[in-house]
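Comments concern the structure below.
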Amino acid sequence: MRRWSKLFIPTLREAPADAEVASHKFLVRAGYIRQLAAGIYSYLFLGQRSMEKIINIVREEMDTIGQEFLLPAIHPREVWEASGRWSVMGDNMFRLKDRSGRDLCLGMTHEEVMTEIARKELRSYKQLPQIWYQIQNKFRDEPRPKSGLLRVRQFTMKDSYSFDIDADALDVSYKKHYDVYCRIFDRCGLKYMAVEAHSGAMGGSMSHEFMVFTEAGEDMVAHCAACGYAANLEKATSKLDVIEDLGASGDGKPELVETLGMKTIEDVAKFLGVSPKQKMKTLAYTASEIDKKTGETRNSPVIVFMRGDHMLNEAKFSTAIGGKTFRPMQPEEIEKVFKSPAGYLGPIGIPNTDGVLIIVDSALKGRKNLVAGANKENYHLKNVTPERDFPVANWADLRNASEGEGCPNCGAPLKVAKAVEIGHIFKLGYKYAESMGARVLDKDGKEVTPIMGSYGIGIERILTSAIEQSNDENGFFLTPAIASFDVIIVPTNISDAALMSAAEQIAKELEDAGYDVLFDDRDERAGVKFKDADLVGIPFRINVGKKVSEGKVELVRRSTRESQDANIAGIAETFKSVINQL
RNA sequence: CGGGGCGUGGCUCAGCCUGGUAGAGCACCUGGUUCGGGACCAGGGGGUCGGAGGUUCAAAUCCUCUCGCCCCGACCA
């Protein structure tokens with residue numbers, strides 16, 4: 001039992017002015033966290049208790065499939081050079097030097113260090129499969145930390161890594177993680193969804209993200225209520241309605257039309273009386289990559305053609321250009337490289353396209369008589385038909401799927417909603433094992449590369465997304481499994497001896513029954529204690545007040561505000577039956 | 001990286017435009033009255049106004065630089 005009067009639980013009436021999302025406001029107001037710097041937080045007593053509860057659930061479940069390690073947070077440059085990610089990670093990596101000038105970094109993930117162990121230690125297929133995990137701090141110098149604990153620069157992650165002899169065995173390790181993740185998030189009381197995901201900087205093939213839908217989220221997820229299809233927008237595809245192409249005008253060949261001063265899709269479409277869907281737009285980018293030998297940055301132009309009303313999906317684009325970094329070209333660059341005014345770029349007769357990568361979005365496949373830029377100031381072209389009027393070497397799916405478009409599996413309308421990513425599982429394949437030289441002997445005595453998976457859970461995000469899902473104007477409520485306490489006992493008047501001894505007795509009985517009990521013995525008015533109790537996320541409250549003379553107390557469920565009178569005699573049994581109903 | 005906003009007791013903010021030597025509410029301490037949904041009265045402690053430089057007789061206030069924090073954008077011809 002913990003006595004509030006002796007604890008440090010600095011609750012605030014008002015949220016800090018710069019807090020925007022519910023979890024940030026309430027974590028601060030409830031005295032869970034305090035900010036030290038942008039994206040860097042201290043966890044106080046209640047916050048640390050909830051974190052520990054979550055961590056224990058994660059550990060219990062992970063122990064059913066893997067073994068817990070603890071790796072260093074500080075890494076030598078060499079292991080990151082070995083995987084090629086010392087440069088890939090760029091400014092997101094915290095870097096430092098030791099006293100003799102050697103480069104070090106703070107671990108933002110641990111593929112390299114785990115693979116280093118595997119490389120040195122694993123020798124035989126008989127040692128496989130292995131699943132190694134840890135629960136540890138990660139450091140990422142985010143360009144924009146935000147929303148309290150939702151996007152931070154130091155956070156706690158459960159990360160695990162599997163090593164298997166072949167792809168079939170990896171499937172097993174992957175599935176084990178998928179199932180364990182579901183159990184973990186179920187126990188934490190989250191409503192979540194597993195969605196297909198883009199692999200990003202981790203590399204690899206298949207991956208799923210575990211998402212919690214909330215407006216505070218930064219990811220967009222497309223999902224289908226009819227068949228269960230769900231994918232991050234970075235990966236999601238959709239079926240498009242068939243667009244009726246325009247009829248050919250004139251001789252059917254590309255035809256110049258004057259579009260004086262019109263540079264945007266909307267202006268041109270409106271002016272010509274067509275839909276943006278009948279247009280194609282031209283996007284010009286500069287892709288850059290660092291030459292591994294010389295260390296020089298090499299820039300190359302990339303042009304993308306898309307349907308006028310579609311948006312480029314940067315994740316898909318990044319994949320299409322082999323993971324290079326990219327940025328939109330400035331108008332001056334466009335004019336310099338393509339001799340065409342920005343705003344009038346188009347597919348036909350662009351000058352200087354040698355060495356330019358041209359990618360066409362698959363939504364333009366089979367389309368005819370589109371309107372496109374003419375590469376000439378104040379002019380567009382009609383009757384532009386891909387493959388007839390200009391060659392297409394690269395088709396790719398580059399567009400964002402949108403709400404209302406057809407599910408790729410069943411055709412029902414897709415929903416698109418914001419979500420927070422709480423977990424991510426990847427089939428990494430051979431990327432790290434190969435680049436870092438991990439090898440084992442198979443049963444034929446042949447040297448083979450083990451295949452890897454990597455799997456992460458953001459501990460703080462379990463807490464924040466739980467709060468985002470379960471809060472009201474007075475505070476938030478967590479499921480007992482992750483709440484800092486199961487129940488708070490509130491004697492309404494501490495100077496009433498009978499009332500206090502009843503409260504003490506109840507607190508002790510509940511504690512003896514195995515519950516985490518917070519006893520609010522502060523000399524405060526009842527109203528103050530009720531407000532605080534509502535704020536701090538504890539799922540149950542027992543008010544010990546006047547009804548003590550009748551042998552009764554009030555048992556209040558925080559989430560619904562339901563209150564029931566309960567006999568003091570047998571309170572532990574009563575509480576047990578109530579809490580087990582959740 | 002671009003744009004915007006904000007830095008004044010622990011918290012929320014006023015004062016700044018129009019320079020004259022810092023204020024409210026909450027929180028905190030003492031005493032009293034209260035005591036089931038953030039009480040009231042009285043008294044009290046606490047602030048180099050983010051930092052540096054400048055203008056001025058005088059700077060929280062005006063100017064320059066700088067640091068920090070928050071938000072938006074990084075979707076585009």
Side-chain angles (χ1 to χ4, degrees), chain A residues 8 10-21 24-25 28-29 31 34-41 90-91 143-148 151 153 218 233 259 261-268 279-286 302-306 308-317 325-335 337-338 340-346 350 372-375 377-378 380 398-400 402 473-475 490-496 499 520 522-535 541 543-548 553-554 556 561 563:
Chain A
F8 183 64
T11 59
L12 266 24
R13 285 199 189 197
E14 285 169 291
D18 49 26
E20 301 260 321
V21 302
H24 186 195
K25 288 179 185 169
V28 173
R29 281 193 57 202
R34 288 294 184 261
Q35 185 179 36
L36 179 64
I40 304 177
Y41 286 84
D91 289 339
R144 225 185 111 194
K146 59 187 286 201
S147 307
R151 177 164 295 279
R153 298 196 291 170
E218 297 185 278
L233 214 57
T259 49
M262 294 175 187
K263 295 193 174 191
T264 68
I265 300 284
E266 291 73 29
D267 288 348
V268 174
K279 278 208 74 209
M280 52 185 286
K281 64 176 170 184
T282 305
L283 312 177
Y285 285 88
T286 296
V302 185
I303 284 183
V304 175
F305 298 120
M306 308 191 70
D309 60 325
H310 284 160
M311 289 200 291
L312 180 75
N313 182 303
E314 298 195 351
K316 292 177 180 176
F317 182 54
T325 58
F326 58 90
R327 59 173 177 77
M329 274 193 185
Q330 302 296 318
E332 311 80 66
E333 291 177 279
I334 292 177
E335 293 186 28
V337 177
F338 301 114
S340 166
Y344 297 94
L345 264 186
I350 313 179
N375 298 310
E377 183 93 39
N378 297 327
H380 278 73
L398 296 177
R399 71 183 168 87
N400 266 339
S402 307
E473 64 283 3
N474 294 312
V490 181
T492 57
N493 180 359
I494 70 160
S495 51
D496 182 328
L499 198 151
D520 193 351
R522 292 176 299 165
D523 184 11
E524 291 285 355
R525 297 159 64 85
V528 172
K529 297 209 253 190
F530 293 158
K531 287 285 186 192
D532 272 345
D534 283 352
L535 176 60
R541 180 173 92 218
N543 294 337
V544 183
K546 293 189 185 109
K547 292 175 195 157
V548 162
V553 292
E554 289 160 4
V556 184
R561 295 301 190 82
S563 172

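We use all heavy atoms of the structure for the numbers below, so side chains are in, but hydrogens, waters and symmetry mates are not. Every value quoted in this text rests on a predicted model; they were computed, and no experiment measured them. Quick note on labels: first sequence line is chain A, next is B, and so on, each numbered from 1.
Under the 4.5 Å side-chain criterion, counting only non-hydrogen atoms from C-beta, A:Thr492 is not in contact with A:Glu554. With a 4.5 Å cut-off on side-chain heavy atoms, A:Ile494 and A:Lys529 count as touching. Residues A:Arg522 and A:Asp532 form a side-chain contact, since some pair of their non-hydrogen atoms from C-beta on lies under 4.5 Å apart. A:Pro16 places none of its side-chain heavy atoms less than 4.5 Å from the side chain of A:Gln35.
Base pairing of B:rU18: no nucleotide in any strand meets the Watson-Crick or G-U wobble criterion (both distances under 3.5 Å). Pair assignment for B:rC49: none, as no Watson-Crick or G-U wobble contacts are both less than 3.5 Å. Within the shown strands, nothing qualifies as a pairing partner of B:rC35 under the Watson-Crick or G-U definition with both distances less than 3.5 Å. With a 3.5 Å ceiling on both atom-pair distances, B:rU61 lacks any Watson-Crick or G-U wobble partner. Pair assignment for B:rA24: B:rU12, on the basis of Watson-Crick or G-U wobble contacts that are both within less than 3.5 Å. With a cut-off of 3.5 Å on both Watson-Crick or G-U wobble distances, the partner of B:rG73 is given as B:rC1. Under the Watson-Crick or G-U wobble criterion, with both distances below 3.5 Å, B:rG43 is paired with B:rC29. Nucleotide B:rC6 forms a Watson-Crick or G-U wobble pair with B:rG68, both donor-acceptor distances falling under 3.5 Å.
The residue among A:Tyr344 and A:Arg29 whose nearest nucleotide of RNA chain B is located toward the 5' end is A:Arg29. Of the two residues contacting RNA chain B, namely A:Ala17 and A:Ile265, the nearest-nucleotide position lying further toward the 5' end is that of A:Ala17.
Rounded to an integer number of Å, the gap from A:Glu524 CD to B:rU34 P is 18 Å. One interatomic measurement links the two molecules: CD of A:Glu20 to P of B:rC69, which rounds to 16 Å at whole-angstrom precision. Following rounding to the nearest Å, A:Asp18 (CG) and B:rC13 (C1') show an atom-to-atom distance of 14 Å. Rounding to whole angstrom units, CG of residue A:Asn313 and P of B:rC76 are separated by 15 Å. Protein atom CZ of A:Arg34 is 18 Å distant from nucleotide atom P of B:rC69, rounded to whole Å. B:rC69 atom P lies 7 Å from atom CZ of A:Arg153, rounded to whole Å. The distance from atom CG of A:Leu345 to atom P of B:rC75 is 17 Å, rounded to the nearest whole Å. The distance between atom CG of A:Leu36 and atom P of B:rG68, rounded to the nearest whole Å, is 13 Å.
Residue contacts shown for A:Lys546 include a base, since a base heavy atom lies under 4.0 Å away. Among the atoms of the strands shown, only primed sugar atoms or phosphate atoms (P, OP1, OP2) are found under 4.0 Å from some heavy atom of A:Pro16. Within the nucleic acid shown, A:Pro145 comes within 4.0 Å of sugar-phosphate atoms alone, with no base atom in reach, counting heavy atoms only. Note on A:Glu335: nothing from the nucleic acid sits closer than 4.0 angstrom, heavy atoms only. Using a 4.0 Å heavy-atom criterion, one finds that A:Ala15 contacts the sugar-phosphate atoms exclusively. Nucleic acid contact class of A:Ser147 (heavy atoms, under 4.0 Å, all strands): sugar-phosphate only. Here A:Ala284 lies in heavy-atom contact (under 4.0 Å) with a base.
Separation of the C1' atoms belonging to B:rG37 and B:rC62 is 49 Å when rounded to the nearest angstrom. B:rC40 and B:rC49 are spaced 32 Å apart, taking the C1' atom of each and rounding to whole Å. Taking the P atom of each, B:rA52 and B:rC67 are spaced 15 Å apart, rounded to whole Å. B:rG4 sits 26 Å from B:rU18 when the C1' atoms are compared, rounded to a whole Å. For B:rC75 and B:rU66, the C1' atoms lie 34 Å apart once the distance is rounded to whole Å. Comparing the same atom, C1', in B:rU34 and in B:rG19 gives a spacing of 47 Å after rounding to whole Å. Between B:rG50 and B:rC13, the two P atoms lie 15 Å apart (nearest whole Å). Taking atom P on both nucleotides, B:rA24 is separated from B:rG15 by 15 Å, rounded to a whole Å.
For A:Asp534 and B:rG37, a side-chain-to-base donor-acceptor distance below 3.5 Å is present, hydrogens and geometry of angles not being considered. Evaluation of atom-type donor-acceptor distances gives no pair under 3.5 Å for the side chain of A:Arg13 against the base of B:rG10. Checked by distance alone, A:Arg525 brings a side-chain donor or acceptor within 3.5 Å of a matching partner on the base of B:rU34. A donor-acceptor contact under 3.5 Å links the side chain of A:Asp532 to the base of B:rG38. Residue-to-nucleotide contacts include no donor-acceptor pair under 3.5 Å from the side chain of A:Glu14 to the base of B:rG10. With hydrogens and angles left out, the side chain of A:Arg541 and the base of B:rG37 share a donor-acceptor pair within 3.5 Å.
Looking only at distances, a side-chain donor or acceptor of A:Arg34 sits under 3.5 Å from a matching main-chain atom of A:Val28. At distances below 3.5 Å, not a single donor-acceptor pair connects side-chain atoms of A:Asn543 with backbone N or O atoms of A:Val556. Remark: side-chain polar atoms of A:Arg153 are paired, donor with acceptor, to backbone N or O of A:Ala38 under 3.5 angstrom.
Residues A:Phe338 and A:Ala284 share a closest heavy-atom pair of CE1-CB, 4.3 Å.
Nearest to the side chain of A:Ala38, among B:rG36, B:rC69, B:rC75, sits B:rC69. Closest to the side chain of A:Phe530, out of B:rA39, B:rG37, B:rC71, is B:rG37. Listed candidates were B:rG38, B:rC76, B:rC69. Nearest to the side chain of A:Ala37 is B:rC69. Among B:rG36, B:rG38, B:rC75, the nucleotide with an atom closest to any side-chain atom of A:Glu314 is B:rC75.
The aromatic rings of A:Phe326 and A:Phe317 sit perpendicular to each other, their planes meeting at more than 60°, with 30° as the lower class boundary.
At B:rG68, none of the side-chain N or O atoms of A:Gln35 fall inside 4.0 Å of OP1 or OP2 (strictly under the cut-off).
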